> 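This structure is in structure tokens; I'll ask about it shortly.
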There are 4 protein chains.
Amino acid sequence: MFIRINPRSSTPLYEQVMEQVKELIAKGILESGEQLPSVRDLASQIVLNPNTVSKAYKELERNGVIVTIRGKGTFVADASDRKLDLKQLEQLRQQLQRLVIEATYAGIKKEELTQWIEEEFQTLKGEGDRNAD
Amino acid sequence: MFIRINPRSSTPLYEQVMEQVKELIAKGILESGEQLPSVRDLASQIVLNPNTVSKAYKELERNGVIVTIRGKGTFVADASDRKLDLKQLEQLRQQLQRLVIEATYAGIKKEELTQWIEEEFQTLKGEGDRNAD
Amino acid sequence: MFIRINPRSSTPLYEQVMEQVKELIAKGILESGEQLPSVRDLASQIVLNPNTVSKAYKELERNGVIVTIRGKGTFVADASDRKLDLKQLEQLRQQLQRLVIEATYAGIKKEELTQWIEEEFQTLKGEGDRNAD
Amino acid sequence: MFIRINPRSSTPLYEQVMEQVKELIAKGILESGEQLPSVRDLASQIVLNPNTVSKAYKELERNGVIVTIRGKGTFVADASDRKLDLKQLEQLRQQLQRLVIEATYAGIKKEELTQWIEEEFQTLKGEGDRNAD
DNA sequence: GTGGTCTAGACCACT
DNA sequence: GTGGTCTAGACCACG
């Protein structure tokens with residue numbers, strides 16, 4: 001797993017791990033049922049304390065992104081197991097509102113923003129396809 | 001100024017203030033050159049520690065959103081004074097990437113997301129127009 | 001023996017086996033003196049490591065629920081052989097206290113809870129009768 | 001707050017803290033809006049590491065039992081804020097099933113069990129009343 | 001002073 | 001070997 005942590009960023013290390021794992025799954029580089037590196041392995045790979053990685057894994061499990069089986073390891077959850085409640089949708093919507101406001105500050109037009117989204121979706125899909133080859 | 005703070009949210013109080021001020025400006029409810037309430041006034045209005053409001057104002061000034069003039073007060077900055085460096089653009093782009101990933105997890109399609117953006121821009125513009133009447 | 005294991009549950013696999021064996025006995029589906037499948041057989045049936053099944057059997061024997069006779073196999077113990085010391089009673093009582101507290105949090109009234117117990121006892125008895133036919 | 005921890009119990013320390021806080025709230029000894037001791041205070045009171053207490057508090061917040069406000073402290077949540085989803089009800093029901101099975105093993109009759117429940121509810125209410133005096 | 005994050009290192013239960 | 005729990009002690013952001 002290619003995970004890169006920026007220890008100087010203000011976003012917590014465990015959140016950075018969460019984001020990148022989610023990204024790998026969204027891109028299809030990690031597939032359902034696939035085993036993730038063990039807490040200790042990943043911790044030594046990215047030079048983090050095992051507790052920090054463990055915290056990231058536990059949060060991801062709570063989000064239904066991964067599943068951990070005691071004594072065996074942690075695995076990517078089935079897509080069907082993912083949770084999507086109303087609160088999350090609202091949060092997403094609120095994030096988007098903030099983003100739109102910031103964008104207007106930066107002088108970014110609606111067309112430009114939708115173009116960006118188009119590109120991001122392409123990137124996700126593209127990397128997944130490359131992986132599938 | 002209509003600002004509502006949620007003390008139980010996990011986002012810092014001063015950031016909530018910043019977001020809402022930015023929102024009011026983006027909507028055109030606060031216009032360039034308009035005076036903002038003093039730190040004390042705003043603090044007592046929304047029942048917050050003046051230090052917290054002060055921190056929000058300072059951060060907003062650092063971003064070039066507002067300007068404080070000694071002995072006169074704080075005012076909404078001219079749109080031309082806003083700073084938009086490359087770092088901010090990158091951050092915006094990264095936020096959007098995260099949002100797209102989260103959206104795919106929530107099963108939201110590209111079309112739906114662009115539709116949302118359309119709506120958010122309409123909301124901004126709409127409230128601004130209403131205010132301009 | 002119809003035993004279903006959920007490897008993703010947080011309760012240990014061996015405890016799940018224990019619970020289900022106890023349930024089968026409580027329902028009268030397994031009767032005193034009846035032979036249980038061998039560790040190997042049960043392990044292959046429910047796709048578990050034999051060590052895990054073995055641990056469950058050992059624990060059940062420690063509780064006096066089953067007995068293993070060297071060279072013959074393991075059998076359901078006589079009801080008279082079951083051990084019920086004071087510690088277990090206290091534990092039971094404590095579990096019930098926790099359950100009552102959780103129930104009040106869930107807004108469940110006393111009458112509802114006693115009704116539930118009524119139903120659980122009926123279920124136990126009912127399945128036993130069906131099996132006795 | 002009178003919290004007693006048993007370091008030799010097999011149930012995790014942080015769960016013991018959770019249970020006892022819930023108990024105090026259920027009994028009405030801690031009321032809605034009331035402030036809990038700080039993480040450090042409680043930790044030194046019951047001779048635990050602050051991290052352990054913090055973990056308990058965070059879990060309790062996730063359950064909607066308490067609310068923490070950054071920089072101010074943690075408080076008992078409003079009863080209306082408590083979450084009660086279907087999964088929790090199912091879990092409760094399953095716990096009760098196990099309890100009934102264990103009870104039959106211990107030779108406890110239905111009437112006895114319902115009597116116990118009656119007593120537990122009385123205890124909860126009783127301590128609350130005593131506190132209200 | 002409050003809680004949140006992180007590290008280092010230890011022990012335990014489960015498979 | 002796996003993850004889960006716990007301690008000790010440090011630093012930081014928030015109010």
Side-chain angles (χ1 to χ4, degrees), chain A residues 5 7 9-17 35-44 47-61 66-75, chain B residues 5 7 9-17 43 47-56 59, chain C residues 5 7-17 43 47-56 59, chain D residues 5 7-17 35-44 47-61 66-75:
Chain A
I5 295 302
S9 160
S10 68
T11 66
L13 304 182
Y14 81 95
E15 281 190 13
Q16 291 186 41
V17 174
Q35 184 164 8
L36 294 167
S38 81
V39 169
R40 300 193 228 285
D41 280 0
L42 185 53
S44 69
V47 196
L48 277 186
N49 187 294
N51 284 331
T52 307
V53 175
S54 177
K55 192 172 184 180
Y57 275 17
K58 274 179 97 175
E59 271 300 308
L60 284 170
E61 179 166 29
I66 64 180
V67 181
T68 97
I69 303 180
R70 303 156 316 301
K72 297 201 73 177
T74 69
F75 305 83
Chain B
I5 294 303
S9 159
S10 65
T11 65
L13 303 184
Y14 81 95
E15 280 190 14
Q16 291 186 42
V17 174
V47 195
L48 234 54
N49 190 312
N51 288 332
T52 309
V53 176
S54 175
K55 187 169 185 180
E59 276 296 308
Chain C
I5 294 303
R8 292 153 60 177
S9 159
S10 65
T11 66
L13 303 184
Y14 82 96
E15 279 190 13
Q16 291 186 42
V17 173
V47 196
L48 235 54
N49 190 311
N51 288 333
T52 308
V53 176
S54 174
K55 188 169 185 179
E59 275 296 309
Chain D
I5 295 303
R8 291 155 57 184
S9 160
S10 66
T11 66
L13 304 183
Y14 81 95
E15 283 189 12
Q16 291 186 41
V17 174
Q35 184 164 8
L36 294 167
S38 82
V39 169
R40 301 192 226 286
D41 280 359
L42 184 53
S44 70
V47 195
L48 276 185
N49 187 295
N51 283 332
T52 308
V53 175
S54 177
K55 193 172 183 180
Y57 275 17
K58 274 179 97 175
E59 271 299 308
L60 283 169
E61 178 165 29
I66 64 180
V67 181
T68 97
I69 304 180
R70 303 155 317 299
K72 296 202 74 176
T74 70
F75 305 82

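In this text, all values refer to a predicted model and were calculated from it rather than measured experimentally. Order of the sequence lines sets the chain letters (A, B, ...), proteins ahead of strands, with each chain counted from 1.
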> At under 4.0 Å between heavy atoms, what does A:I69 touch on the DNA or RNA strands: base, sugar-phosphate, or nothing?
nothing

> Looking at every strand, decide which applies to B:L48 at a 4.0 Å heavy-atom threshold: base, sugar-phosphate, or nothing.
nothing

> What heavy-atom pair brings C:S9 and C:Q16 nearest, and what distance separates the two atoms?
CB-NE2, 3.5 Å

> Using heavy atoms to find the nearest nucleotide of DNA chain F for A:P37 and D:L13 separately, return the residue whose nucleotide is more 5′.
A:P37

> Is B:I5 close to B:L13 at the side-chain level, that is, under 4.5 Å between some pair of heavy atoms?
yes

> I need the minimum non-hydrogen distance between B:A43 and B:P50, along with the two atoms involved.
CB-CA, 3.8 Å

> Nucleotide range of DNA chain E contacted by chain D, 5' to 3', under 4.0 Å to a heavy atom?
E:dG1 to E:dC6

> Which pair of heavy atoms, one from A:Y14 and one from A:A56, lies closest together, and at what distance?
O-CB, 3.4 Å

> How close do D:D41 and D:P37 get, heavy atom to heavy atom, and via which atoms?
CB-CB, 4.3 Å

> Between A:K72 and D:T74, which has a closest nucleotide on DNA chain E that is more 5'?
D:T74

> What heavy-atom pair brings D:Q35 and D:K72 nearest, and what distance separates the two atoms?
NE2-O, 3.3 Å

> Does C:N49 or A:P12 map to a spot on DNA chain E nearer the 5' end, using the closest nucleotide for each?
A:P12

> Counting only Watson-Crick or G-U wobble pairs whose two distances fall under 3.5 Å, which nucleotide matches E:dC14?
F:dG1

> D:V39 pairs by side-chain contact (heavy atoms from CB on, under 4.5 Å) with which of D:T68, D:L48, D:V53, D:T74?
D:V53

> Hey, can you pull the residues of residues 51-61 of chain A with a non-hydrogen atom under 4.0 angstrom from DNA chain E?
A:N51, A:T52, A:K55

> Write down the atom of A:I69, the atom of C:P7, and the distance for their closest heavy-atom approach.
CG2-O, 3.5 Å

